[in-house]
Amino acid sequence: METENAVNYKFMGRSFNDLSINDDSSAFSDCNSDRSGEFSTASSQSRRLFLACTNSDNSDEFIRQLVSDLGSCSIDEQKNAALELRLLAKNKPENRIKIAKAGAIKPLISLITSTDPYLQENGVTAILNLSLCDENKELIASSGAIKPLVRALRTGTSTSKENAACALLRLSQVEENKVAIGRSGAIPLLVNLLGNGGIRGKKDASTALYSLCTVKENKIKAVEAGIMKPLVELMADFGSNMVDKSAFVLSVLVSVPEAKTALVDEGGIPVLVEIIEVGSQRQKEIAAAILLQICEDSVVYRTKVAREGAIPPLVALSQSGTNRAKQKVSY
């Protein structure tokens, strides 16, 4: 599995130390437990939902009963059990290990393939909530969750798609899972969510893609899936609250030649120059780093960047930026 190392760049005959493009601590908000916040609570469910949300003594016996109900012949019992496990895993971190140890993971994964959208959504989201526990990640992946989660990305409700993207992100934090997720067909579906999802879907897709695209073959898959168009569009829209996220995703892609070509073809150079001119300090620094990567070893791209007026804002960044920018953008 090939990952990229930091390098130095030369631009217009001048040397630039590698700008830090890994300071993403606040560019991405974590995909945390489900944030839909709305649950139908029919009167027949009220007592058990109340217990799931508030009972501080969620006993092993209660959890085992819910796991048993996942295998019920009654769709309603399956729905109730999946919802309650979802809530237990969301609201009490210590329950995530209890639920996994009770054997819930495989039956929850089986629900993800359900044709019932409500059952699928609760299965996906319960798996997401369980994946927040590091101890569960490998077990979830080895139990066969990746392909069903990808299926939910393709066929699920908007909430299922968003939470499936988050669950895949969590699983991708185990390095060995990144290639498997990429080869499962997740990348084109995440690119589609990035381009066509709601604001939460775009954010979740960008976070998952940022993690997955540290692997070279996933970078190429993302470019082939057409990621560059939505990235450029989102970077150009300063009102989207996606400039930072899109730029960070782009920063991990442009180490491969296919991404550089696609970026230029989609009109990315003038967008990056505009960011250096009017963006926030962090946006300016990441855009500068991307431009320098584009220009590395390419006279044609250097000329394009210069013609777009990049030199003056780059000089200004080196003179008036943060200490980090001054140190790293050196002439």
Side-chain angles (χ1 to χ4, degrees), residues 28 30-36 67 70 78-79 81-83 85-86 89-90 96 99-100 103-198 200-215 217-218 221-222 225 227:
F28 294 104
D30 278 344
C31 284
N32 291 317
S33 58
D34 62 278
R35 288 163 280 171
S36 57
V67 173
L70 291 175
Q78 288 181 315
K79 288 180 180 179
L83 174 57
L85 288 168
R86 164 184 175 173
K90 173 182 180 178
R96 295 166 191 159
I99 292 169
I105 288 175
K106 285 190 176 181
L108 284 171
I109 290 171
S110 71
L111 298 187
I112 298 176
T113 62
S114 173
T115 57
D116 184 298
Y118 187 77
L119 203 54
Q120 182 189 59
E121 182 177 310
N122 281 315
V124 168
T125 310
I127 289 295
L128 163 61
N129 292 347
L130 292 174
S131 74
L132 300 178
C133 172
D134 289 340
E135 294 181 37
N136 290 340
K137 289 185 175 78
E138 291 187 18
L139 178 59
I140 290 170
S142 65
S143 296
I146 291 174
K147 288 185 178 179
L149 287 170
V150 171
R151 184 178 185 272
L153 265 181
R154 182 183 295 110
T155 66
T157 64
S158 59
T159 299
S160 290
K161 290 178 180 179
E162 292 162 358
N163 288 342
C166 284
L168 289 169
L169 164 67
R170 291 293 172 180
L171 298 184
S172 75
Q173 291 169 344
V174 177
E175 196 70 19
E176 292 74 15
N177 291 335
K178 292 185 179 183
V179 170
I181 292 171
R183 292 177 181 176
S184 71
I187 302 293
L189 297 170
L190 289 168
V191 170
N192 182 63
L193 186 60
L194 178 70
N196 300 304
R200 187 196 153 193
K202 292 177 188 291
K203 290 178 179 179
D204 292 344
S206 68
T207 310
L209 286 163
Y210 179 76
S211 175
L212 290 167
C213 287
T214 58
V215 175
E217 71 174 77
N218 287 346
K221 290 179 190 295
I227 193 173

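What you are looking at is a predicted structure, and each value in this text was computed from that prediction instead of being measured. In what follows, every heavy atom counts, from backbone to side chain, and hydrogens, waters and symmetry copies are set aside. If you read the sequence from its start, that first residue is 1, and numbering goes on from there.
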May I ask you to test the [X]-[Y] pair for a side-chain heavy-atom distance under 4.5 Å?
X	Y	result
Ile187	Leu212	yes
Lys147	Ile109	no
Leu70	Leu85	yes
Asp116	Gln78	no

Lys106 NZ to Ser143 OG distance, which is reported to the nearest 0.5 Å: 5.5 Å

Interatomic spacing from CG in Asn177 to CD1 in Ile181 - rounded to 0.5 Å: 5.5 Å

Audit row: Arg96, Glu135, salt bridge (Lys or Arg N to Asp or Glu O under 4.0 Å) steps and yes/no: CA-CA 9 Å; Arg96 295 166 191 159; Glu135 294 181 37; over 6 Å; no

Using modelled atom types and a 3.5 Å cut-off, is there a donor and acceptor pairing between side-chain atoms of [X] and backbone atoms of [Y]?
X	Y	value
Ser206	Lys203	yes
Lys202	Leu193	no
Asn163	Val124	no

Asn129 and Arg170: side chain donor to acceptor below 3.5 Å: no

Partner of Lys178 under side chain to side chain contact (heavy atoms under 4.5 Å, CB included), chosen from Thr214, Leu168, Leu171: Thr214

Side-chain donor-acceptor distances from residues 150-158 under 3.5 Å, at least two apart:
unit_1 : atom_1 : unit_2 : atom_2 : d
Arg151 : NH1    : Thr113 : O      : 3.2
Thr155 : OG1    : Gln120 : NE2    : 3.4
Thr155 : OG1    : Arg151 : O      : 3.0
Thr157 : OG1    : Glu121 : OE1    : 3.0
Thr157 : OG1    : Ser160 : N      : 3.1
Thr157 : OG1    : Ser160 : OG     : 3.1

